[in-house]
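Take a look at the structure set out below.
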Amino acid sequence: QVHVVESGGGLAQPGESLRLSCVVSGSTISSCLMGWFRQAPGMEREKFVAIDRYRTASYGDSVKGRFSISTDNDKNTAYLQMNSLKPEDTAMYYCAADCPSTADLWGGYLPSDFEYTTWGQGTQVTVSS
């Protein structure tokens, strides 16, 4: 059974950076589709980044150029590097995985939540001065 656990959230000031981690257990991350979602209070869950098994990444317009997703096969971990943080980035951030996956993000496709089979508990990110 696949599990994912997020960490790295916290409080940051506008313009600062944070890095979130998502450790995968029960599968090899190299075979997984990995994604991050976020949900602010009173808002719908937002898909904004994903990376497929071929290590092609897709980004939503709200984070393009500021956020970057990567994976480390040795640590079986996905990372979300968040730079130039804005107050509107404040949300609960969730890591999601689908393992194994044949999804192909070539062309900029960003998978929806129903395309993931495993979810973490979330980590809070607050951006405020």
Side-chain angles (χ1 to χ4, degrees):
Q1 191 172 3
V2 180
H3 294 280
V4 297
V5 178
E6 311 96 333
S7 62
L11 176 64
Q13 294 191 350
E16 291 186 339
S17 299
L18 284 175
R19 189 178 77 160
L20 306 184
S21 300
C22 175
V23 179
V24 177
S25 60
S27 184
T28 303
I29 197 171
S30 60
S31 70
C32 300
L33 168 68
M34 301 298 300
W36 289 89
F37 291 72
R38 64 186 182 183
Q39 188 168 20
M43 304 291 285
E44 292 188 358
R45 186 161 57 187
E46 176 191 6
K47 59 180 183 179
F48 66 92
V49 67
I51 188 168
D52 63 22
R53 61 179 296 179
Y54 310 105
R55 292 312 169 243
T56 299
S58 293
Y59 297 90
D61 290 340
S62 62
V63 304
K64 199 171 293 182
R66 299 188 299 122
F67 291 11
S68 176
I69 188 171
S70 62
T71 59
D72 184 327
N73 290 344
D74 291 339
K75 296 181 178 179
N76 229 35
T77 300
Y79 299 100
L80 180 66
Q81 179 66 42
M82 306 185 294
N83 299 327
S84 302
L85 284 163
K86 303 175 181 180
E88 51 262 45
D89 293 319
T90 296
M92 185 69 78
Y93 282 67
Y94 298 92
C95 176
D98 184 46
C99 312
S101 170
T102 59
D104 186 343
L105 304 186
W106 188 84
Y109 176 67
L110 199 57
S112 297
D113 52 6
F114 66 85
E115 298 179 78
Y116 295 89
T117 53
T118 303
W119 291 81
Q121 293 299 308
T123 185
Q124 177 69 35
V125 172
T126 302
V127 184
S128 175
S129 55

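The residues of the chain are indexed from 1 along the displayed sequence.
Grouped with Met92 in one hydrophobic cluster are Leu33, Phe37, Tyr94, Leu105, Tyr109, Tyr116, Trp119, the linkage being side-chain heavy-atom contacts under 4.5 Å among Ile, Leu, Val, Met, Phe, Trp and Tyr residues. Cluster partners of Leu110, using a side-chain heavy-atom cutoff of under 4.5 Å among ILVMFWY residues and allowing indirect links: none. Taking Ile, Leu, Val, Met, Phe, Trp and Tyr as members and joining any whose side-chain heavy atoms lie under 4.5 Å apart, directly or through other members, the hydrophobic cluster of Tyr59 also contains Val2, Val4, Leu18, Leu20, Val24, Ile29, Met34, Trp36, Phe48, Val49, Ile51, Val63, Phe67, Ile69, Leu80, Met82, Leu85, Tyr93, Val125, Val127.
Rounded to the nearest 0.5 angstrom, Ser58 OG and Lys64 NZ are separated by 8.5 Å. Atom CG of residue Leu11 and atom CD of residue Gln124 lie 10.0 Å apart, to the nearest 0.5 angstrom. Taken from OG in Ser30 to CZ in Arg53, the straight-line distance is 7.5 Å, to the nearest 0.5 Å.
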Using a 3.5 Å cut-off and no angle test, enumerate the donor-acceptor pairs between side-chain atoms of residues 95-103 and protein atoms at least two apart in sequence or in another chain.
{"from": "Asp98", "atom 1": "OD1", "to": "Thr117", "atom 2": "OG1", "distance (Å)": "3.1"}
{"from": "Ser101", "atom 1": "OG", "to": "Ala103", "atom 2": "N", "distance (Å)": "3.0"}

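Heavy atoms only, all atoms of each residue included: Pro111 and Ala50 are closest at CD-CB, 3.7 Å.
Residues in residues 82-93 take part in these salt bridge (charged side-chain N to carboxylate O under 4.0 Å, His left out) pairs, two or more places apart or across chains: Arg38-Asp89, Arg66-Asp89. Within the structure, salt bridge (charged side-chain N to carboxylate O under 4.0 Å, His left out) contacts touching residues 104-113 (residues at least two apart or in different chains) are Arg45-Asp113. Applying the salt bridge (charged side-chain N to carboxylate O under 4.0 Å, His left out) test to pairs two or more places apart or on separate chains, none has a residue in residues 5-26. Listed by first and then second residue, the ring pair (Phe, Tyr, Trp, His ring centres under 6.0 Å) pairs involving residues 8-33 amount to none (not counting sequence neighbours). Applying the disulfide bond (SG atoms under 2.5 Å apart) test to residues at least two apart or on different chains, none of the pairs has a partner in residues 56-88. For residues 22-34, no residue pair satisfies the salt bridge (charged side-chain N to carboxylate O under 4.0 Å, His left out) rule, not counting sequence neighbours. Within the structure, side-chain hydrogen bond (donor to acceptor under 3.5 Å, both in side chains) pairs that include any residue of residues 73-84 comprise Ser17-Asn83, Gln81-Asn83 (at least two apart or interchain).
Listed by chain and number, the residues in a side-chain contact (heavy atoms from CB on, under 4.5 Å) with Ser112 are Lys47, Phe114, Glu115 (sequence neighbours excluded).
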